[in-house]
**Q** 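Quick one: the structure is below, questions incoming.
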Amino acid sequence: MNKSLYWKNRLAFLLTNFVCMLALTLFLIICGNTVSSIALILILWGFILAIGMGSTYWKRKRQMQVLLTMADQLSERYLISEIMELPEQAEDQVYYQLIKMAGKSMLEQIGSVRRERLEYKEYIEQWIHEIKTPITAMKLLCENRRSEFTKEFLTELEKTNHFTEQALYYARSEYTEKDYSVREICLSDVIHQAIADNKYLLLRNNMKVTISNVDHTVFSDDKWVRFILNQLIVNAVKYRTEHPELAFNVRRQGDQVMLYVEDNGIGIEACDLPRIFEKGFTGQNGRTTQNSTGIGLYLCKRLCDKIGIGISADSCKTGTTLCLTFRINHFVHEVQD
């Protein structure tokens, strides 16, 4: 509570007491009272006034401090009215009722927004599942009628499928605990599956892919890891150079297994590197590449945080390296050794 503002708000009360003290002094002088008796009365008045206002200030300050402490401890501070006690003073009870009304209205609004978000999320997931059917059908038709045109068409279908997957995982990223299953997976299998998902995109862009030392097992969700690798592969193609290369390599250090995805693309500017995992951030390279959305790496970071995978990036003018770090608990570590 602001001390100076508190006493400023009580200036009218203090001035009223001062005027009353002057009026009483004049009255006592007219009635023939001695100066000593008048001074004693004024001193007692001032003493009682000071004690009363001081105790009131201390009590109000303590009440406000309790409210602020309770609010700091709440994760949803709009619920403060639910744990507040009914104030003693009449004017405070009015503010209490207003806070209760505001809290109730806020809860109703939050409930409405949550329902709308859930309905929209369910609609997006249903739409994506439905659109996958014609995408798969077109892919099968093109693979059965191989030509230069169908090869280009298959590349565009892979891009379309990538965008639909991105939308689906973005919609589910808030509730990953309902959609992932942690089990022992082989990184070699997941890497080859991710490459197969983007084979036409890689072929059309003459991307050279090398895989080395990837026969390691970790505990994670293969579907989510595969999606993350798909995002990294698409980024490597998007920011490629004239002779693009992409390398997958796995190293193990202690209780960590680190998967490195390295390309020889145009790289990331040093000033942009700390922000590449922010939502919507495209950086200087993204401004030159018109189809950059700033969602891919943000989604990778969000999913990695949800399922306990570390992700980091290093870049220079000769390429970019993304590192996925899988932690192995001591029991699994000893068994594998």
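Quick caveat: nothing in here was measured; it's all calculated off a predicted structure. Computation of the quantities below employed the complete heavy-atom set of this structure, encompassing side-chain atoms and omitting hydrogens, waters and symmetry-equivalent molecules.
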**Q** Side-chain contact test, heavy atoms from C-beta onward, threshold under 4.5 Å: evaluate it for L246 versus K208 and give yes or no.
**A** no

**Q** Any non-hydrogen side-chain atom of L28 less than 4.5 Å from a side-chain atom of S37?
**A** no

**Q** Between the main-chain N or O of E108 and the side-chain N or O of S112, is there a donor-acceptor pair closer than 3.5 Å?
**A** no

**Q** Regarding Y298 and R302, is there a side-chain donor-to-acceptor distance under 3.5 Å anywhere?
**A** yes

**Q** Quick check: do T241 and I266 have side-chain heavy atoms less than 4.5 Å from each other?
**A** yes

**Q** Considering only NZ, NE, NH1 and NH2 on the basic side and carboxylate oxygens on the acidic side, decide whether E158 and K139 come within less than 4.0 Å.
**A** no

**Q** Quick check for you: to the nearest 0.5 Å, what is the distance between L49 atom CG and L14 atom CG?
**A** 6.5 Å

**Q** Assess the residue pair I185 and V218 against the criterion (side-chain contact (heavy atoms from CB on, under 4.5 Å)); give the C-alpha distance rounded to whole Å, side-chain angles, the decisive distance to 0.1 Å, and a yes or no.
**A** CA-CA 6 Å; I185 61 173; V218 296; 3.7 Å; yes

**Q** Hey, does R183 have a side-chain heavy atom less than 4.5 Å from the side chain of D222?
**A** yes

**Q** Rounded to the nearest 0.5 Å, what's the gap from CZ on F248 to CD1 on I195? Could you check?
**A** 4.5 Å

**Q** Applying a strict under-4.5 Å side-chain criterion to I, L, V, M, F, W and Y, I'd like to know whether L273 and Y260 cluster together.
**A** no

**Q** Membership question, hydrophobic clusters at under 4.5 Å side-chain separation (ILVMFWY): are F13 and L24 in the same one?
**A** yes

**Q** How many angstroms lie between CD in E119 and CZ in R114, if you round to the nearest 0.5 Å?
**A** 14.5 Å

**Q** Has T150 got a side-chain atom pairing as donor or acceptor with F153's backbone, closer than 3.5 angstrom?
**A** no

**Q** For the residue pair Q231 and C300, what are the closest heavy atoms and their distance?
**A** CB-SG, 3.4 Å

**Q** Under a 4.5 Å cut-off applied to non-hydrogen side-chain atoms, are R62 and W58 in contact?
**A** yes

**Q** Begin from the C-alpha positions of N230 and E165 and carry the test side-chain contact (heavy atoms from CB on, under 4.5 Å) through to its verdict.
**A** CA-CA 10 Å; N230 283 337; E165 287 285 330; over 6 Å; no

**Q** Does T217 use its side chain to pair, donor to acceptor, with the backbone of E184 at less than 3.5 Å?
**A** no

**Q** Do you know the tightest heavy-atom contact between H192 and I211?
**A** NE2-CD1, 3.7 Å

**Q** If only atom types and distance count, is the side chain of N264 paired as donor or acceptor with the main-chain N or O of G319 below 3.5 Å?
**A** no

**Q** Tell me whether N33 contacts the main-chain N or O of I38 through its side chain, where contact means a donor paired with an acceptor under 3.5 Å.
**A** no

**Q** Do you know the tightest heavy-atom contact between L187 and V214?
**A** CB-O, 3.8 Å

**Q** Counting N and O atoms only, with roles assigned by atom type, does the side chain of D221 sit under 3.5 Å from a partner on the main chain of K223, one being a donor and the other an acceptor?
**A** yes

**Q** Between atom CE of M64 and atom CZ of R60, what is the distance when rounded to the nearest 0.5 Å?
**A** 4.5 Å

**Q** Run the side-chain contact (heavy atoms from CB on, under 4.5 Å) test on L157 and L154 for me, step by step, so that the C-alpha distance in whole Å, both residues' side-chain angles and the decisive distance to 0.1 Å come before the verdict.
**A** CA-CA 5 Å; L157 280 178; L154 282 168; 4.3 Å; yes

**Q** Any chance you could measure I268, atom CD1, to R275, atom CZ, to the nearest 0.5 Å?
**A** 13.0 Å

**Q** When clusters are formed by joining ILVMFWY residues with side-chain heavy atoms under 4.5 Å apart, either directly or through shared neighbours, do I29 and F27 land in the same one?
**A** yes

**Q** More than 12 foreign heavy atoms under 6.0 Å from CE of M101: is that the case here?
**A** no

**Q** Can you give me the closest heavy-atom contact between A313 and F277, atom names plus distance?
**A** CB-CZ, 4.3 Å

**Q** Taking the side chain as C-beta and beyond, is there a heavy-atom pair between T325 and C323 under 4.5 Å?
**A** yes

**Q** Counting only heavy atoms not in K100, do more than 12 fall under 6.0 Å of its NZ?
**A** yes

**Q** Transitively linked via ILVMFWY side-chain contacts under 4.5 Å: I131 with Y120?
**A** yes

**Q** Does E262 reach the side chain of E245, with side-chain heavy atoms less than 4.5 Å apart?
**A** no

**Q** Check whether I30 and L42 end up in the same hydrophobic cluster, where Ile, Leu, Val, Met, Phe, Trp and Tyr are linked by side-chain heavy atoms less than 4.5 Å apart.
**A** no

**Q** Under a 4.5 Å cut-off applied to non-hydrogen side-chain atoms, are R251 and H216 in contact?
**A** no

**Q** I need the single residue from L297, L299, L259, L324 that forms a side chain to side chain contact (heavy atoms under 4.5 Å, CB included) with I228. Which is it?
**A** L324

**Q** Going from OG1 on T320 to OH on Y239, what distance comes out if it is rounded to the nearest 0.5 angstrom?
**A** 10.0 Å

**Q** P244 and R240: which non-hydrogen atoms are nearest, and at how many Å?
**A** CB-CB, 3.8 Å

**Q** Under the criterion side chain to side chain contact (heavy atoms under 4.5 Å, CB included), which of V209, L202, D263 is the partner of I233?
**A** L202

**Q** Please find the pair of heavy atoms, one from V182 and one from F219, that lie closest to each other, and give the distance.
**A** CG1-C, 3.9 Å

